[in-house]
Each structure stands twice: as C-alpha cells, then as structure tokens.
Student: 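Quick one: this structure, given as structure tokens, is what I'll be asking you about.
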Amino acid sequence: MEILRRSSSLWVLPILLLCFFINNGVFVDASHKVYMHLQSTTSHVDVSKVHRTGYHFQPPKNWINDPNGPMYYNGVYHLFYQYNPKGAIWGNIVWAHSVSKDLINWIPLEPAIYPSKVFDKYGTWSGSATILPGNKPVILYTGIVDANKTQVQNYAIPANMSDPYLRKWIKPDNNPLIVADKTINKSQFRDPTTAWMGRDGNWRILVGSVRNHRGKVIMYKSNKNFMKWTKAKHPLHSAPGTGNWECPDFFPVSLKNKDGLDTSYNGKDIKHVLKVSFDVTRFDHYTIGTYDTKKDQYFPDSTSIDGWKGLRLDYGNYYASKTFFDSGKNRRILLGWANESDTVDNDVRKGWAGVHPIPRKIWLDPSGKQLVQWPVQELETLRKKKVQLNNKKLNKGEKVEIKGITVAQADVEVIFSFTSLDKAEPFDPSWADLYAQDVCAIKGSTVQGGLGPFGLLTLASKNLEEYTPVFFRIFKAHDKYKVLMCSDASRSSLKNETTMYKPSFAGYVDVDLADKKLSLRSLIDHSIVESFGAGGKTCITSRVYPTLAIFDKAHLFAFNNGAERITIETLNAWSMANAKLH
C-alpha cells in the first residue's frame, strides 16, 4: 500500500476544495497504488540496517501494512498482517502470521491466507478474528475477485485445532459469505470487524464503505451458525463529507476501571467506541458514544466530534489500527501500522517498508471523553542500562544531554514541572480553525515562547544539524489553558528529497494543570519515535531518517526554550534490547 504523501497545508483546505479533489479523482486509489516496475521476485535483497528498528515489529525484509485479526487464543498471541513477500512496496498481499507469548518477541510462521481461490484471486485484504462458542477461532477477511477490485467478505478456519500455533488455515468453498448488493460501491467495501453477539443471539459485524462521500459502516447479521449474513436496514453509523471508511473497529469500554471488555459485552456502566480509518486523511479517528441495541445504531456523545477534526488514536504516522480483547490479562490491546515517510525509491533500495508501533493497552479516561493508551507492560522486559536525572532546572535556551545509554534505541520517561502559568502565551484566535499540527508548524521548538516549548530532542546530531523534538507549549485561551504537544520531523534529516514527508505532527492535550506538571514518554527506535503525553492522553508517532544521528552518533537532550523556568523533576531513560522477531 503506497499512501498519499501528506502535507500540513492539506488540512486547512476548505471542505469544498477537498470535495472538488475527491470528485475529480485526486484521492482515487491513493491507498492501493501498485508500482509494478518496482516489484521484485527475488529473495536476494540487500536489506539496509541503517534505519531498521531494534524492538518494534517488522519482518526481515519487504513491505508490511495493516495488522489483521489479532487475537489471544489458548495462551498465545496471534498477529496477522498485510505483507508483500516479493518486494518493499504495496502489492502481492498475503496474510503473514507471527505468534508470541508476550506481544514483544515474535515467532514468524508461514502465511495464513493468500490469494488462491476465485473469491480472493486478486487479493486477500484486511479483516478480523472472532472466537466463536466452543473456543473456535474464525477469520473474516476481504477478498478481491477481479481486476476492478470488486470486494467480498470471506472466512477462514484453522486446519488443525490441536496445533498451538494454528499454522494452517482453510478457506472453505462456501465463500464468499457476504457480497455487496446494488446499493453498495463494490470497490469500497472492506475490512470486516470482529463479530459480536447481540442479546437476540444473532452475530453482527461491520464493513467499511462510502456513498456520496459519506463514510459509513454497514452492519450485517447472522444467526448462531455464523454462515448466513444479511444486511441490516441501515448502517450502524455514518458521517457526511468524511470519505471512505477503512478498517473499522467497534468495541465496549468500561466506565469504572481500566479493564478491557469482550467485544460482545453489553452490560451496565459502559460506553462504546467506534474507530474508523479515514481513507482521505490517512488518520485513525474515533468517537465515544452509546450503542442502541434495539435500533442497532450508534450515537456519538455530544463531546465527540464526528469528522476530520475529531479525536485521533494517534496524531502522527499511525493508521489501519485494530484492537482485540486479551482475556488472559483482562485488557484491550491496540495494534497499528506506521508507514514509511521516505521516498518509494529509498524504500526499494533499503529492501523494507513499514513497522508496527508497540502494542498499547487502551481504556476510557475517567472523564469519559477520550481514550487513554500506554505501551504494554511487557515492553519493560527489554529495558537494560538505566540513567536518571532529578530536579534539574532549565532556564530559557538551556538544554541538558542525557548520556550513558544507547539513545538511538531507548525508552525515556520524564516529568516536567513549572511554578507558574502566568507566562503562557495568548492563543491566537486565528488558529481556532487550524489543526494542531499547523500551529506546531508555526510555533516550533526553536520559536521562543512563554511557557514552553520544552521537552526532548530525540535522534539529534551532536551539533543539532538533525533532531526530532517532542515538546509541549502552553497557551492561554480566555480563561482556559491549551496544551499543545508536538513531534516535529521537519528537522529530522538532512536528506533533501522533495517527496520525503517531514511533518510537524501535533495534538492538544486535555489535562488538568493544577499541579503544574506534564509527563512525557518517548520510545525511540532508530527511525520511529512514539510519544505519549500526560500518561497517554495524547499520542504521536513520527517516522524519521537521520543521516548523522544514527547508531552511536545519536544524541538525546532535554530542553527549554520558554521564558518560564522548567524543572525536570525526574527523568528515567533506558537502553532497550532488541526484540526477538525470528
């Protein structure tokens, strides 16, 4: 999958102009462009190590994208993912398969699903897994049946239930289970969700689609046999002007605690989350709301914006995510995909493309207004040498280097504090209609402010020719404060390729500043920086390609470029060991 290269200016275009782009085909097939002249059929690929990650999931070579049908089954985590076995660009997609005991170290297996039958001859695209009664797993996936990309929904089952790794999967001949009717765009009809059982005993799933630029999730129902599916009278939900919805996900969250819930759970004290991947913007958006089981419709809360300016799971390079209920540890786990931001030619040259961010535990914030995410605890088993910094004060223009660990492959947690909010800059009213990343592009880490910018300079060269700053900046808007969090790749590399994507990613952090503290965690791994603000309320993933700040030539600094003095109350940083991926 070759994604549309994004620029920050796109997000401030008027809606009418974007509609013009859509109507005239500018975004057509942006997510499924195939570079046939770059396809490789040889296994002898020179795989570049310069920007490969050490503890993030990626196969030894070639292209990966969406995580498919993750599940926890009989004590084993299963990760299926879209994979091109023949090259480092999108095409020839199969369902690759790896298994794990801890979500960090993985054993690769042979592909579980690949094009082989009339109902998926032209492609085996994304889908989900469901555990049926009797502890029987089943996969639902989108099959491509012709050169026009006609999409149908198929199923697959394990060939040998006694195999603890479920290596072999069968695609029965009664596929496809679901074929689009005349009211559905057959080339935009994909990515079935994990099924849930309603109180009436019938199964339900959602399939992403679009009609007249109105994104929607189409509901299908089946009786207990899971084999006969009929379309519901209306979509579970839709929203105008949002374009095609990919990779939908629908699940309950508890109002009482951080525990996860089975997808079919529909008891008291819950909300539901509808997450969709917007094909036009290439971001994963979600709303929190109420699932009316009698009407089989979902209604977002009034605090959830239903569209492009709504909540995102991650405000950076993070797409096509999927959650699953981990019954072993009673939690819901989120998996996603971080595509390359480098040029296609460079991807081919290095022999690989795409990584998966670290799996995250996900739950509802006590406010009920947003989700919170945090790297799974198992990641901490890779922590090795540790350095610590306490009560370090940073005046305007000062920075301190964090030494003694492998900063190109590290885990950093820091708590910043300040004595007063009085120096917070006024929030310019003209920014009200801008996206956070556009404000970050205006007010970057080098622009001196009042309260901030302060944070980390990751993957930095010694003299700061290259660096990726992750930082906060606090504004005052009327009688409230707005906390901007940025992960700015604009200075991340000295490479001058015009098609390299180096955005200023950003999001606002909904946090109480009464204690005058902000926390930040950054997972740094050579070409990816995952950052979690305020305990995981705002998450941003950046892909970067330094030329100087590589391996032991990389540096890490904490900095303050604001008038208000900042105190690093505590900073803990660890060298991270390599995960075992084969």
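Along the sequence shown, residues carry numbers from 1.
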Student: Before accepting this row, confirm whether a basic side-chain N of the pair Glu530/Arg360 lies closer than 4.0 Å to the acidic partner's carboxylate O.
Tutor: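 Arg360 and Glu530: salt-bridged.
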
Student: Show the nearest heavy-atom pair for residues Leu457 and Ala460, with the distance to one decimal.
Tutor: O-CB, 4.1 Å

Student: Closer than 4.0 angstrom, basic N to acidic O: yes or no for Arg190 and Asp279?
Tutor: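 The answer is yes: the pair qualifies as a salt bridge.
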
Student: Quick check: closest heavy atoms across Arg565 and Leu394, and the distance to 0.1 Å?
Tutor: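 Of all heavy-atom pairs spanning Arg565 and Leu394, the closest is CG-O, 3.5 Å.
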
Student: Would you kindly check if the NZ (Lys) or CZ (Arg) of Lys399 is within the cone defined by 45 degrees around the ring axis of Phe557 and under 6.0 Å from the six-membered ring centre?
Tutor: yes

Student: Side chain to side chain donor-acceptor pair (under 3.5 Å), that's the test. Do Ser304 and Asp301 meet it? Break it down for me.
Tutor: CA-CA 5 Å; Ser304 277; Asp301 291 346; 5.6 Å; no

Student: Establish, for the pair Lys309 and Tyr435, whether the NZ or CZ atom is under 6.0 angstrom from the six-membered ring centre and no further than 45 degrees off its axis.
Tutor: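 That pair qualifies as a cation-pi contact.
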
Student: State plainly whether the residues Asp488 and Arg491 are in salt-bridge range, i.e. N to O under 4.0 Å.
Tutor: no

Student: Strictly below 4.0 Å, N to O, side chains only: are Glu378 and Arg331 in salt-bridge contact?
Tutor: yes

Student: Salt bridge or not between Arg282 and Glu246? Use side-chain N to carboxylate O under 4.0 Å.
Tutor: yes

Student: I'd like to know whether Asp510 forms a salt bridge (Lys or Arg N to Asp or Glu O under 4.0 Å) with Lys537, so could you lay out the CA-CA distance, the side-chain angles of the two residues, the decisive distance to 0.1 Å, and finally the verdict.
Tutor: CA-CA 7 Å; Asp510 186 3; Lys537 284 193 168 187; 5.4 Å; no

Student: Do Lys482 and Tyr508 meet the cation-pi criteria used here (NZ or CZ under 6.0 Å from the six-membered ring centre, within 45° of the axis)?
Tutor: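 Yes.
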
Student: Test Tyr286 against Gln370 for side chain to side chain donor-acceptor pair (under 3.5 Å), laying out the working first.
Tutor: CA-CA 9 Å; Tyr286 73 93; Gln370 68 166 95; 4.8 Å; no

Student: Does the ring center of Trp196 lie less than 6.0 Å from the ring center of Phe251?
Tutor: no

Student: Checking side chain to side chain contact (heavy atoms under 4.5 Å, CB included) for the pair Thr538/Tyr315: CA distance, chi angles, key distance, verdict?
Tutor: CA-CA 8 Å; Thr538 299; Tyr315 289 82; 4.0 Å; yes

Student: For Asn391 and Thr567: C-alpha separation, side-chain torsions, deciding distance, then whether side chain to side chain donor-acceptor pair (under 3.5 Å) applies.
Tutor: CA-CA 6 Å; Asn391 198 33; Thr567 298; 5.1 Å; no

Student: Between His285 and Phe278, what is the ring plane arrangement, given parallel below 30°, perpendicular above 60°, and tilted in between?
Tutor: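 Because their plane-to-plane angle is under 30°, the rings of His285 and Phe278 count as parallel.
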
Student: For Pro359 and Ile333, work out which heavy atoms get closest and say how close.
Tutor: CB-CG2, 4.0 Å

Student: Let's go through His272 and Asn266 carefully: what are the C-alpha distance in whole Å and the side-chain angles of both, what is the deciding distance for side chain to side chain donor-acceptor pair (under 3.5 Å) to 0.1 Å, and is it a yes or a no?
Tutor: CA-CA 9 Å; His272 270 79; Asn266 195 27; 4.6 Å; no

Student: So, the side chain of Tyr318 versus the backbone of Cys539: is there a donor-acceptor pair under 3.5 Å, distance only?
Tutor: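 It does not hold such a pair.
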
Student: Testing the basics here: between Leu255 and Lys271, what is the closest heavy-atom pair and its distance to 0.1 Å?
Tutor: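 Closest approach of Leu255 to Lys271: CD2-CG, 3.8 Å.
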
Student: For Glu401 and Lys462, what are the C-alpha separation, side-chain angles and deciding distance, and is it a salt bridge (Lys or Arg N to Asp or Glu O under 4.0 Å)?
Tutor: CA-CA 10 Å; Glu401 185 168 4; Lys462 181 178 181 180; over 6 Å; no

Student: Walk me through whether Phe559 and Ser445 qualify under side chain to side chain contact (heavy atoms under 4.5 Å, CB included).
Tutor: CA-CA 9 Å; Phe559 79 99; Ser445 63; 3.9 Å; yes

Student: Tyr481 and Phe475: aromatic ring centres closer than 6.0 Å?
Tutor: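 So the answer is no for these two rings.
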
Student: Is the Tyr298-Tyr291 ring centre distance short of 6.0 angstrom?
Tutor: no

Student: Could you walk me through whether Glu425 and Lys476 satisfy the salt bridge (Lys or Arg N to Asp or Glu O under 4.0 Å) test, starting with their C-alpha distance in whole Å, then the side-chain angles of each, then the deciding distance to 0.1 Å, before giving a yes or no?
Tutor: CA-CA 6 Å; Glu425 303 164 73; Lys476 187 170 185 179; over 6 Å; no

Student: Which class fits the ring pair Trp431 and Phe427: parallel under 30°, tilted 30 to 60°, perpendicular over 60°?
Tutor: perpendicular

Student: Would His356 and Leu335 count as a side chain to side chain contact (heavy atoms under 4.5 Å, CB included) if you check the C-alpha gap in whole Å, the side-chain angles of each, and the deciding distance to 0.1 Å?
Tutor: CA-CA 7 Å; His356 284 181; Leu335 301 173; 5.9 Å; no

Student: Should the pair Arg312 and Phe283 be classed as cation-pi, given the thresholds of under 6.0 Å to the six-membered ring centre and 45° from the axis?
Tutor: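 Judged by the rule, Arg312 and Phe283 form a cation-pi pair.
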
Student: Tell me which one of Asp284, Asp249, Asp191 satisfies salt bridge (Lys or Arg N to Asp or Glu O under 4.0 Å) with Lys275.
Tutor: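 Testing Lys275 for a salt bridge (Lys or Arg N to Asp or Glu O under 4.0 Å) against Asp284, Asp249, Asp191 leaves exactly one candidate, Asp284.
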
Student: As a quick check of understanding, evaluate side chain to side chain contact (heavy atoms under 4.5 Å, CB included) for Lys502 and Lys495, giving each step before the final call.
Tutor: CA-CA 10 Å; Lys502 297 191 286 187; Lys495 287 185 178 182; 5.5 Å; no

Student: So, for Leu456 and Ser522, which heavy atoms are closest and what is the spacing to 0.1 Å?
Tutor: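 Where Leu456 meets Ser522 most closely, the heavy atoms are CD1-OG, 4.0 Å.
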
